[in-house]
Every structure is written in C-alpha cells, then in structure tokens.
Amino acid sequence: MGEIQALRGTRDILPEEVGYWQQVETRARDILFKAAYREIRTPIFEQTELFERGIGEATDVVGKEMYTFCDRGDRSITLRPEGTAGVVRSLIEHSLYTQGGVQRLWYTGPMFRYERPQAGRQRQFHQLGVEVLGSADPRADVEVIAIATNILQALGLKNLHLDINSVGNLEDRQAYRQALIDYLTPYKDELDPDSQDRLSRNPLRILDSKDKRTQEITQNAPSILDHLGTYSRQHFDKVQQLLTDLGISYQLNPRLVRGLDYYTHTAFEIQSDDLGAQATVCGGGRYDGLVAQLGGPETPAVGWAIGLERLILLLQQLQQPTLPSVDFYVVSRGDAAQDQALVLAQKLRQAGFSVDLDLSGSAFKKQFARADRSGAIACLILGDEEAANQTVKLKWMASKEQSAIPQAELLTNIEELRSQLHRGEGR
RNA sequence: GCGAGCGUAGCCAAGUGGUUAAGGCAGAGGAUUGUGGUUCCUCCAUUCGUGGGUUCGAGUCCCAUCGUUCGCCCCA
C-alpha cells in the first residue's frame with residue numbers, strides 16, 4: 001500500500017497499545033523514586049569509541065550489531081546499543097562521583113542494534129535500566145536485584161525465574177578460561193561448529209550452547225564457582241545470603257555468562273517461561289572495571305537493564321488493552337451550534353473535564369453512535385434549536401435521561417456537575 | 001550473516017489453472033432530513049507485495065526481489 005513503511009526491526013506503538021507502556025513507566029518511576037534512584041537522560045548517539053572501549057571490541061554487539069555512521073563533520077557516531085556506557089561517560093564527564101559516595105541512577109529510552117528481528121527482538125528497542133555507581137558492597141548487588149523484582153512483581157508478572165552466577169574478577173576468569181579450554185580441547189571435534197569457533201575466542205559462551213551434544217560435554221566441565229578467589233567467593237556468598245534474607249528465590253547457574261566484556265562478579269538474568277526464544281526480561285550484573293576503563297577513577301558499579309518490549313509482551317498476555325474514555329462527548333449540527341460546541345468544549349476542558357468534540361457535522365444518529373463507542377459518561381447536544389436560545393442538552397448515556405439547560409449555567413457549579421458525572425458513571 | 005514458513009481491502013479471511021476475486025469486522029450513506037450499543041438496504045480490491053517467466057488462460061505453477069514471522073548466532 002503506502003510505499004513508505006517503518007524500517008525493518010522498528011515499529012509504531014499505536015494508541016491502543018500505549019497504555020501498557022504508560023503503565024510500566026509510571027509503576028517503575030514510582031518504585032525507583034521510593035528507592036532514591038534519580039533519573040538520568042543521556043544522548044541517543046555517542047562517539048563510536050565509547051562503545052568500542054566500554055562494551056569490548058570482541059563482542060558481537062560492537063563487532064556486528066552497531067548502527068554506526070559518519071556525520072557531516074566526519075566524526076564516527078553510533079546509535080547507543082545499550083545504556084550503561086552513556087551513563088558512565090556522563091558520570092565521568094560531570095564528575096558525579098565526587099558528589100557523595102554512591103550514585104543511584106536510572107534511565108529509559110530507545111536502544112539500537114542491527115540484528116535480525118524475531119519474537120522479542122527488534123532493531124530499535126527500549127530498555128529501562130538502573131546503575132549503582134561507587135559501591136562494591138554486595139548489598140548493592142542485592143538491592144538492584146530486589147528493585148527489578150519489585151518492578152516485575154508490581155506489574156503482576158508470573159512465571160519468572162532469577163538465575164545468578166559469579167564470573168569473578170579478571171584473574172579468576174583468566175584462570176577459569178584456561179581450565180575450560182584444557183577440559184574442552186579433547187572434545188573439540190564433537191562440539192557444534194559455533195562452539196568450536198568459540199573455543200579460542202570466547203570459551204565461556206560454550207557453556208550456554210543450545211546444541212545437545214555440546215551440552216552433554218559441558219555437563220562435567222569445571223565450574224567457574226570453583227575458580228573464584230577468596231574475595232570473589234566471599235562477595236558471592238554474601239549476595240546469596242542476602243537474597244535469601246529478602247526472600248528472593250534464585251537459582252545458581254554456573255553456566256550463566258553475560259555477553260558484554262565489562263561484567264565482573266555477580267551476573268544475573270530474569271527469564272520468563274512465557275516468551276519465545278528471547279526469554280530474558282532483565283539482565284545485569286556488576287561491572288567494577290568499566291568506569292576506570294573509560295577514563296574515570298576506580299569505581300565499582302552494578303546495574304541491570306529490562307527489555308521493555310519483552311516486558312510488555314508479557315503484560316499483554318495478562319491484561320486487555322485499556323480504552324481511554326472521556327467525561328463528555330459533544331454532539332453538534334449546524335454552523336452556529338458547532339461553533340458554540342467548540343466554545344463549550346474549551347470551557348469544560350479548562351474546568352478540568354475530559355471532553356471529546358465531534359467534528360464531523362454528520363447526522364445526529366452517527367454522532368450518538370460514536371459517543372456510545374467513546375465510552376463517554378454524558379453527551380452534550382447542540383443543534384439549531386439550542387444554538388438559537390443559548391441552551392445545551394445534557395444527556396446521561398447510561399440512563400438516557402436528558403435535560404435542557406442554559407449554556408451559561410452549565411459551568412456555574414463545577415462541583416455539582418462533577419458529582420453528577422460520578423453518579424452518571426454509576427448508572 | 002544463516003535456516004524455515006508466510007504475503008488477497010484499514011483488520012480477519014475464502015479461493016489449490018478456466019467467464020465479472022466469497023464472507024465477516026471496521027468505515028460511508030440511507031430506511032427514521034434532531035438522538036446511541038438492535039434490525040434492514042446501498043456503497044467500499046479493474047485486482048491478489050513487486051518484477052519477470054510458463055500457459056490458449058495464473059491470486060492459484062516457476063524464478064527473482066522486497067516485506068513479514070519464527071528459529072540460529074547474540075542479547076534486554
């Protein structure tokens with residue numbers, strides 16, 4: 001039909017659906033406010049180098065998924081593929097780390113990754129994320145996890161499960177990586193082709209391969225948890241103890257590996273049973289090295305991001321779309337009446353009512369049918385007769401009761417009208 | 001980047017080589033030239049994503065292309 005369509009992997013959020021988004025935003029905003037997190041809004045594009053250095057050049061996100069282009073000044077620009085790098089850049093740029101010990105921040109907005117779309121995955125998608133910067137305390141890890149579960153729970157989501165793991169610090173991971181390579185190398189020919197490739201590049205990823213034979217082989221592979229140093233071990237034990245104290249159930253998953261280079265220690269994912277292959281609703285973890293990596297002072301940090309499209313997919317399974325309705329629907333026919341109707345609508349809106357004004361000028365019958373569908377509590381009717389004597393008919397949709405009143409009187413007692421409206425609503 | 005399925009009106013769809021492309025919802029007009037979730041009538045695709053091919057004849061078969069869906073990779 002129309003030649004121009006939304007680009008692949010992008011889509012319109014139409015009025016019928018937007019209620020879900022508003023619901024998520026208000027719920028989350030409230031919960032984050034109560035936990036003393038402050039919103040931060042950073043640009044949607046950044047210097048390409050920020051993501052290359054922050055996320056890691058070897059990752060798929062940087063290697064093949066970024067929307068990168070040159071602007072007219074010949075700078076390399078990238079549409080942000082995730083939110084953390086921009087927040088950290090901002091923290092450093094504005095020296096936010098000097099304002100007291102810990103920064104608790106949250107953000108939301110569109111992210112961009114050049115990938116093949118599928119269920120729960122688009123090229124432009126939206127995340128809501130939090131970052132706690134400046135604390136290495138395991139309580140920070142658990143606090144962010146708790147906030148994520150609060151948000152998901154407040155929205156009434158079910159069938160979610162939390163997986164946690166520790167990937168330790170850099171030394172732990174290097175030692176483990178070698179142990180894993182030593183274990184897997186004898187089986188190299190039996191691994192699936194992707195995993196053979198990963199053996200040298202990113203062996204930890206082999207652990208969550210979906211290939212059956214590969215899974216059998218990794219069944220007896222060494223566990224990262226046996227390669228954690230004392231500090232990492234203690235940190236992770238504390239995280240688990242605190243989760244238990246808060247009554248948050250979790251599953252220990254030593255195969256859980258997060259994709260971005262900056263993660264250290266705690267890694268976690270919240271997955272849903274009710275999504276397709278892309279089941280992760282929330283993913284996050286600790287990233288103690290990132291701030292320094294990007295040129296700031298050594299600053300431990302932990303955070304997560306929720307994929308809002310996936311969240312809303314789940315919400316839609318639970319709830320009917322909400323149809324917004326209005327207090328008054330104004331029906332009018334005839335030049336003078338239609339003009340007066342506009343004036344009346346304006347005054348009612350200024351008085352705080354919600355008013356839908358029919359602009360069609362079509363037969364009353366049609367206008368009433370639309371009024372009915374709009375869900376309005378009452379109709380205001382202006383025709384030639386009313387226009388001539390400056391009145392308006394007020395009709396309660398549920399009871400079909402109707403009376404004529406002078407236009408000037410309609411607004412003289414707002415409170416009376418408002419309470420009538422509530423009664424009219426009940427009928 | 002790879003694999004598989006699908007593409008008929010704003011939406012849901014019938015149609016599986018043979019004259020004018022069912023039906024439903026939504027929409028417009030009317031029966032009721034000022035009154036609504038009911039009823040009835042009328043209208044609403046020179047055309048089946050696009051381009052090419054096979055055929056006397058194609059929405060229906062073939063090829064290409066674009067789009068879309070699901071999966072792989074990867075991630076939220």
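Order of the sequence lines sets the chain letters (A, B, ...), proteins ahead of strands, with each chain counted from 1. Please read all numbers here as calculations on a predicted model, not as lab measurements.
The stretch residues 263-275 of chain A has no heavy atom under 4.0 angstrom from RNA chain B at all. Contact check of residues 201-218 of chain A against RNA chain B (heavy atom, cut-off under 4.0 Å) returns R205(A), K210(A).
Under the 4.0 Å criterion applied to side-chain N and carboxylate O atoms, K395(A) and E401(A) are not assigned as salt-bridge partners. Between K188(A) and E190(A) there is no salt bridge, since none of the side-chain N atoms of the basic residue sits less than 4.0 Å from a carboxylate O of the acidic one. With respect to D194(A) and R198(A), no salt bridge is recorded, no charged nitrogen being found less than 4.0 Å from a carboxylate O. With respect to the salt-bridge test (charged N to carboxylate O, under 4.0 angstrom), the residues E143(A) and R104(A) qualify.
Taking the nucleotide of RNA chain B with the nearest heavy atom to each of V61(A) and A277(A), the more 5' of the two is matched to A277(A).
Between Y287(A) and Y263(A), the angle of the ring planes goes over 60°, which puts this pair in the perpendicular group of the 30/60° scheme.
Distance R80(A) CZ to A76(B) P: 14 Å, rounded to the nearest Å. As a whole-Å value, the separation of Q196(A) CD from C73(B) P is 15 Å. One atom, CG of D194(A), and another, P of C73(B), lie 6 Å apart when rounded to the nearest Å. Note: CD (E65(A)) to C1' (C73(B)) measures 9 Å, nearest angstrom.
There is no side-chain donor-acceptor pair under 3.5 Å between R349(A) and S354(A). Donor-acceptor pairing under 3.5 Å is lacking for the side chains of T10(A) and Q124(A). Between the side chains of S272(A) and N159(A), no donor-acceptor pair of N or O atoms lies under 3.5 Å. Between the side chains of D182(A) and Q178(A), at least one donor-acceptor pair of N or O atoms lies under 3.5 Å. Under the 3.5 Å distance criterion, with hydrogens and angles disregarded, no donor-acceptor pair is assigned to the side chains of T264(A) and N169(A). Of the N and O atoms on the side chains of Q127(A) and T108(A), not one donor lies less than 3.5 Å from an acceptor on the other residue.
Cation-pi contact between R418(A) and F353(A): present, with separation from the ring centre below 6.0 Å and deviation from the ring axis of at most 45°. Geometrically, R123(A) engages Y114(A) in a cation-pi contact defined by less than 6.0 Å to the ring centre and at most 45° from the axis.
Applying the Watson-Crick and G-U wobble criteria (two distances, each under 3.5 Å), A14(B) pairs with nothing in any strand. Shown here, C2(B) forms a base pair with G71(B); the pair counts as Watson-Crick or G-U wobble because both key distances fall under 3.5 Å. The nucleotide C61(B) finds its pairing partner in G53(B), both defining distances of the Watson-Crick or G-U wobble pair being shorter than 3.5 Å.
Comparing G27(B), A76(B), C73(B) by their closest approach to the side chain of D60(A) singles out C73(B).
Evaluation of the salt bridge (Lys or Arg N to Asp or Glu O under 4.0 Å) test over residues 153-168 of chain A, restricted to residues two or more places apart or in two chains, returns none.
Note on R121(A): a base of the nucleic acid sits closer than 4.0 angstrom, heavy atoms only. Base contact: G120(A) has a heavy atom under 4.0 Å from a base atom.
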*Go along nucleotides 31-37 of chain B 5' to 3' and tag each nucleotide: B for a protein heavy atom under 4.0 Å from its base, S when only backbone or sugar atoms are that close, - otherwise.*
B--BBBB
Which atom pairs link the protein and nucleotides 42-44 of chain B when you take only N or O atoms and keep those under 3.5 Å?
none

Would you tabulate the nitrogen or oxygen pairs shorter than 3.5 Å linking the protein to nucleotides 66-69 of chain B?
| from | atom 1 | to | atom 2 | distance (Å) |
| --- | --- | --- | --- | --- |
| U68(B) | OP2 | R8(A) | NE | 2.9 |
| U68(B) | OP2 | R8(A) | NH2 | 3.4 |

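Each of T214(A), I206(A), I217(A) was compared with D192(A) under the side-chain contact (heavy atoms from CB on, under 4.5 Å) criterion, and only T214(A) meets it.
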